[in-house]
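One structure below.
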Amino acid sequence: EAGVTQFPSHSVIEKGQTVTLRCDPISGHDNLYWYRRVMGKEIKFLLHFVKESKQDESGMPNNRFLAERTGGTYSTLKVQPAELEDSGVYFCASSDGHLQYFGPGTRLTVT
Amino acid sequence: GIQVEQSPPDLILQEGANSTLRCNFSDSVNNLQWFHQNPWGQLINLFYIPSGTKQNGRLSATTVATERYSLLYISSSQTTDSGVYFCAGYTGGFKTIFGAGTRLFVKA
């Protein structure tokens, strides 16, 4: 069974540009989560989808971040326009219950 | 206040030694999980342990929900155990709160 996959693995962009991160959850998992770890600090919750619906987006830092999950399958997280403080590792996880399975993360560097 | 607090922040072990990592969590946090982030950055779930004790090989975990803490035991540590160990719990539904982690280095 394939695990959670994320694309790209690394992204380097300039301040002001747009970046879109993608997450493909484990097949059949209704729950999908986005997290980020900035500057080696705590892993912070961004939002939680159940199928295509946003259940909790209280962790989204501001309106420059937009997450979607069309059709309840893969999800995208768009940052527009990117700022320096957005640099970090963005993780996606999926679950069919309480146990969350994490993807390898996307390392985003904004210069 | 801090909802999920881990100790110690850093730990260095000689290969073969045992260790105990602690996670304290507030009243608003439940459904504890333990994760290991390996040196390549991959987060691996170790245990989903809202209460009680579970064991998986050299690792075991115990959560005493009434006293708001969880312990992760690593026995006969190996160099491959190195990395960061996180505990996390849900607060308000499925919103997951992570502790700051315990960074473990096992020396050969």
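Throughout, a chain's letter reflects where its sequence line sits, starting with A, and its residues are numbered from 1. Note: hydrogens, waters and symmetry copies are ignored here, and every other heavy atom, side chains too, is used.
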Between A:Gln55 and B:Lys95 (side chain of the first, backbone of the second, donor and acceptor by atom type, cut-off under 3.5 Å), is there such a pair? no
Between CD1 of B:Ile49 and CG of A:Leu99, what distance do you get to the nearest 0.5 Å? 12.0 Å
For the candidates A:Gly105, A:Ser58, A:Pro104, A:Ser95, which exhibits the highest count of non-hydrogen atom pairs separated by less than 4.5 Å from chain B? A:Pro104
Out of B:Phe47, B:Phe35, B:Trp40, which one racks up the most heavy-atom pairs below 4.5 Å with chain A? B:Phe35
Spacing of CZ belonging to A:Arg37 relative to CZ belonging to B:Phe86, to within rounding of 0.5 Å: 3.5 Å
Transitively linked via ILVMFWY side-chain contacts under 4.5 Å: A:Tyr74 with A:Leu66? no
Distance check, rounded to the nearest 0.5 Å: A:Gln100 atom CD versus B:Thr96 atom OG1? 4.0 Å
Could you see if B:Val4 belongs to whatever hydrophobic cluster contains A:Phe102? Use Ile, Leu, Val, Met, Phe, Trp, Tyr and a side-chain cutoff under 4.5 Å. no
Are B:Leu21 and B:Leu59 co-members of a hydrophobic cluster defined by side-chain heavy atoms under 4.5 Å apart? yes
Rounded to the nearest 0.5 angstrom, the CG-OH distance for B:Leu43 and A:Tyr101 is 14.0 Å
Can you give me the closest heavy-atom contact between A:Phe91 and B:Gln37, atom names plus distance? CZ-NE2, 3.5 Å
Closest non-hydrogen contact found for B:Phe98 with A:Ile43 is CB-O, 3.5 Å
